[in-house]
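The structure appears right after this line, and notes come after that.
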Amino acid sequence: VPIKLWGSLPATAYSMDSMPAEGSAGYVAVTFEITKHGRARNVEIVDATANAADDEKRRAVELVRKGLYRPRVADGEIADAAQVLWHYRW
């Protein structure tokens, strides 16, 4: 399970104009790998609800790319992590 160290979702992720309608829920599923330096690589969208606008998709990818994550430790050594699946929900 990846632990996000920096760049967590801000409380005001949406501008007032781009906020989803009240009561609408959705998600964008993003896969990525965590390097031994704690950065995301090979970020791609693998699934999204029908109401996910292109802005939400771009925002999800950007949040993952800008984040800093705790790298995996294997046999006492810092190593690249296997692919991670993350859901950006609203």
Side-chain angles (χ1 to χ4, degrees):
V1 174
I3 298 173
K4 196 163 190 181
L5 301 176
W6 177 85
S8 56
L9 182 64
T12 55
Y14 295 100
S15 68
M16 293 307 282
D17 296 334
S18 67
M19 249 178 123
E22 190 173 325
S24 72
Y27 72 91
V28 176
V30 180
T31 60
F32 61 100
E33 298 170 354
I34 300 171
T35 69
K36 64 183 178 180
H37 302 290
R39 294 291 181 188
R41 73 171 172 214
N42 300 327
V43 181
E44 64 181 74
I45 296 170
V46 293
D47 193 19
T49 53
N51 64 340
D54 288 343
D55 283 348
E56 277 100 12
K57 292 176 185 177
R58 278 191 293 274
R59 188 175 293 119
V61 169
E62 184 178 325
L63 285 170
V64 170
R65 283 193 177 135
K66 287 184 175 182
L68 182 61
Y69 304 87
R70 180 175 293 163
R72 181 173 68 97
V73 177
D75 299 325
E77 299 288 322
I78 296 175
D80 291 343
Q83 198 168 49
V84 175
L85 174 64
W86 178 71
H87 285 86
Y88 170 68
R89 300 177 190 274
W90 65 88

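For Glu44, the salt bridge (charged side-chain N to carboxylate O under 4.0 Å, His left out) test picks out no residue, with sequence neighbours left out. With sequence neighbours excluded, the residues that form a side-chain contact (heavy atoms from CB on, under 4.5 Å) with Asp54 are Lys57, Arg58. Partners of Val61 by side-chain contact (heavy atoms from CB on, under 4.5 Å), not counting sequence neighbours, listed by chain and number: Val43, Ile45, Arg65. Residues passing the side-chain contact (heavy atoms from CB on, under 4.5 Å) test with His37, sequence neighbours excluded: Thr35.
Listed for the Thr49 side chain is a donor-acceptor partner under 3.5 Å among the backbone atoms of Tyr27.
Contact check for Ile34 versus Arg39: no side-chain heavy atoms found under the 4.5 Å cut-off.
Residues Ala29 and Leu85 share a closest heavy-atom pair of CB-CD1, 4.0 Å. In terms of heavy atoms, Gly26 sits closest to Asn51 at CA-OD1, 3.9 Å.
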Going by atom type alone, with no hydrogens or angles, which donor-acceptor pairs under 3.5 Å involve a side-chain atom of residues 71-80 and a protein atom two or more places apart or on another chain?
from, atom 1, to, atom 2, distance (Å)
Arg72, NE, Asp80, O, 3.0
Arg72, NH2, Asp80, O, 3.0
Asp80, OD1, Lys36, N, 2.7
Asp80, OD2, Arg41, NH2, 3.0

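Note that CH2 of Trp86 and OH of Tyr69 are 6.5 Å apart. Values are rounded to the nearest 0.5 Å.
Partner Tyr88 forms a side chain to side chain contact (heavy atoms under 4.5 Å, CB included) with one of Leu63, Val30, Val64 and no other, that one being Leu63.
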